[in-house]
2 protein chains.
Amino acid sequence: MTQHPERNEDPIKSALTGEDGIDFAIIELFFFAYRDFTSDPDQILGEYAFGRAHHRVLHFVNRRPGLTVAELLDVLRITKQSLARVLKQLIDTGHIVQVQGPRDRRQRELYPTAKGRGLALALAAPQSRRIAAALAEAAPGDRAAIERFLLGMVNPEQRAQIDDQTATGDDRRREAG
Amino acid sequence: MTQHPERNEDPIKSALTGEDGIDFAIIELFFFAYRDFTSDPDQILGEYAFGRAHHRVLHFVNRRPGLTVAELLDVLRITKQSLARVLKQLIDTGHIVQVQGPRDRRQRELYPTAKGRGLALALAAPQSRRIAAALAEAAPGDRAAIERFLLGMVNPEQRAQIDDQTATGDDRRREAG
DNA sequence: GAATTTATGTCAACAAGGCTGACATAAATT
DNA sequence: AATTTATGTCAGCCTTGTTGACATAAATTC
């Protein structure tokens with residue numbers, strides 16, 4: 001050693017690339033895509049003094065009307081207290097109502113009001129437009145491939161949380177038929 | 001009106017579906033996919049008392065060694081103070097070093113150390129494995145379709161932030177060739 | 001019927017990581 | 001010499017995540 005052994009504090013000047021055995025391409029695309037996807041509803045939320053936490057709650061209450069608090073906690077993977085704060089605000093502002101569970105009266109079924117439904121739709125609209133624009137450049141079969149990929153990214157044991165009502169136009173037939 | 005006009009607080013019992021003109025299928029898949037994708041590195045981060053903010057900084061410093069603080073702020077879309085906190089911790093723990101800019105001595109170029117590179121790779125590994133598993137179920141051309149879609153989801157004016165080094169194996173030719 | 005478990009709500013406290021605005025410094029630019 | 005720029009830092013605030021403890025009512029079990 002002419003001077004000293006390799007110091008750990010030395011700057012590394014080479015960039016990490018896909019050659020390092022890691023799929024940085026998709027890791028990074030996923031980050032940027034989600035960053036911009038979630039930024040869409042922010043302006044609307046700001047007008048209501050709501051945040052992304054409110055958006056997520058409102059979304060799932062609209063997608064699965066009548067779900068219980070426990071079910072919602074399981075979907076969002078947050079704690080009771082985190083949910084309680086935003087849920088209370090959504091109830092106080094008349095976006096969501098609680099209905100006593102018909103079978104089990106301890107449960108509170110959560111439903112959107114007309115106001116809550118309207119806001120959920122308004123928040124989803126720019127996200128849907130962004131997706132439509134991204135798909136417009138895609139080839140015919142691409143949508144199915146993208147849905148398969150995204151579902152494949154979800155933990156297998158949680159894929160059941162994603163219902164089939166999820167389907168849009170083209171592949172909704174199996175339910176209706 | 002037999003009883004009273006429609007009350008706004010009435011619970012809506014029908015679920016929002018794709019029929020409402022919104023692409024809820026992909027909106028929801030994207031949420032679940034990203035939720036689980038970002039949860040992968042959490043355990044490793046916990047061992048270092050780091051969070052996802054540290055991960056993002058470490059990632060981009062490794063991907064673009066020598067970038068300046070201003071450039072990093074632009075990529076992450078956060079404020080100087082938010083960055084300062086986590087960056088300071090990464091520097092104090094020897095994961096990142098600052099080098100005075102060669103042309104402009106006001107600038108601080110950010111580089112990973114060997115330690116920082118190692119951690120970046122360790123954090124990316126489980127994410128890369130998840131992606132590989134999702135792609136394993138896909139058809140041959142699907143990867144290109146997925147990359148196009150994700151890129152299409154990014155704001156057009158920010159697509160330049162995603163360099164082409166991003167490419168892995170199959171489509172890296174154009175640089176090397 | 002009494003005891004236990006379950007679903008939910010609520011209180012207090014804390015932490016991470018966003019934010020703003022103000023100000024300091026050194027270096028580059030005009 | 002004056003101004004602008006890149007960065008750092010201080011103080012403080014907000015949202016949204018966390019934990020633990022405790023209360024209530026309803027369902028379930030013994």
Side-chain angles (χ1 to χ4, degrees), chain A residues 31 34-35 38-39 41-61 66-93 96-111, chain B residues 31 34-35 38-39 41-61 66-93 96-111:
Chain A
F31 166 77
Y34 200 76
R35 180 194 68 177
T38 54
S39 78
D42 283 353
Q43 198 195 343
I44 301 168
L45 288 164
E47 294 166 19
Y48 292 78
F50 287 161
R52 290 181 190 172
H54 301 84
H55 185 185
R56 288 193 288 270
V57 170
L58 198 55
H59 170 88
F60 285 109
V61 169
L67 52 37
T68 64
V69 170
E71 287 165 349
L72 186 50
L73 287 174
D74 191 50
V75 167
L76 297 175
R77 316 235 114 220
I78 59 174
T79 57
K80 193 167 49 161
Q81 179 64 316
S82 292
L83 173 60
R85 266 188 306 240
V86 298
L87 182 56
K88 187 175 193 311
Q89 291 175 285
L90 288 165
I91 291 168
D92 289 348
T93 53
I96 291 179
V97 288
Q98 287 175 315
V99 174
Q100 200 171 55
R103 285 178 287 270
D104 186 333
R105 284 152 60 219
R106 290 170 305 179
Q107 293 182 334
R108 306 299 157 87
E109 295 184 342
L110 303 172
Y111 292 93
Chain B
F31 167 76
Y34 200 76
R35 181 193 67 177
T38 53
S39 77
D42 283 352
Q43 199 195 342
I44 301 169
L45 287 165
E47 296 166 18
Y48 292 78
F50 287 160
R52 290 179 190 172
H54 300 85
H55 185 185
R56 288 193 287 269
V57 170
L58 198 54
H59 170 89
F60 285 108
V61 169
L67 52 40
T68 65
V69 170
E71 288 165 348
L72 187 49
L73 288 174
D74 191 49
V75 167
L76 297 176
R77 316 234 114 221
I78 58 174
T79 59
K80 193 167 50 162
Q81 180 64 317
S82 293
L83 174 60
R85 266 188 307 242
V86 298
L87 182 56
K88 188 173 192 313
Q89 290 174 284
L90 287 166
I91 290 168
D92 289 349
T93 52
I96 290 178
V97 287
Q98 288 176 315
V99 175
Q100 199 171 55
R103 288 178 287 271
D104 186 333
R105 286 150 59 216
R106 290 171 305 180
Q107 293 181 334
R108 306 299 157 88
E109 295 183 343
L110 303 173
Y111 293 94

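The sequence lines fix the lettering, A, B, ..., with proteins before strands; numbering per chain opens at 1. Any value given below was found using the heavy atoms of this structure, including those in side chains, with hydrogens, waters and symmetry copies removed.
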Strictly below 4.0 Å: does [X] bring a side-chain N or O up to OP1 or OP2 of [N]?
{"X": "B:H54", "N": "C:dA16", "result": "no"}
{"X": "B:R106", "N": "D:dT5", "result": "no"}
{"X": "B:S82", "N": "C:dG17", "result": "no"}
{"X": "A:Q98", "N": "C:dG9", "result": "yes"}
{"X": "B:R105", "N": "C:dA28", "result": "yes"}

Nucleotide [N], atom [atom2] - distance to [atom1] of [X] in whole Å:
{"X": "A:R108", "N": "D:dA27", "atom1": "CZ", "atom2": "C1'", "answer": "14 Å"}
{"X": "B:H55", "N": "C:dG18", "atom1": "NE2", "atom2": "C1'", "answer": "19 Å"}
{"X": "A:Q100", "N": "D:dA26", "atom1": "CD", "atom2": "P", "answer": "7 Å"}
{"X": "A:Q107", "N": "C:dT6", "atom1": "CD", "atom2": "P", "answer": "13 Å"}
{"X": "B:R35", "N": "D:dT16", "atom1": "CZ", "atom2": "C1'", "answer": "17 Å"}
{"X": "B:R103", "N": "C:dA26", "atom1": "CZ", "atom2": "C1'", "answer": "19 Å"}
{"X": "A:L83", "N": "D:dT16", "atom1": "CG", "atom2": "P", "answer": "12 Å"}
{"X": "B:E109", "N": "D:dT7", "atom1": "CD", "atom2": "C1'", "answer": "14 Å"}

Is any side-chain N or O of A:K80 under 3.5 Å from a base N or O of C:dG9, one able to act as donor and the other as acceptor? yes
Under the 3.5 Å rule, do the base of D:dG17 and the side chain of A:R77 count as making a donor-acceptor pair? no
Is it true that, when you exclude B:Q43 itself, more than 12 heavy atoms of the residues, nucleotides or ligands shown sit nearer than 6.0 Å to its CD? no
Could you tell me whether A:Q100 atom CD has more than 12 heavy atoms of other residues or ligands within 6.0 Å of it? yes
I need the single residue from B:T68, B:L87, B:V99 that forms a side chain to side chain contact (heavy atoms under 4.5 Å, CB included) with B:L110. Which is it? B:L87
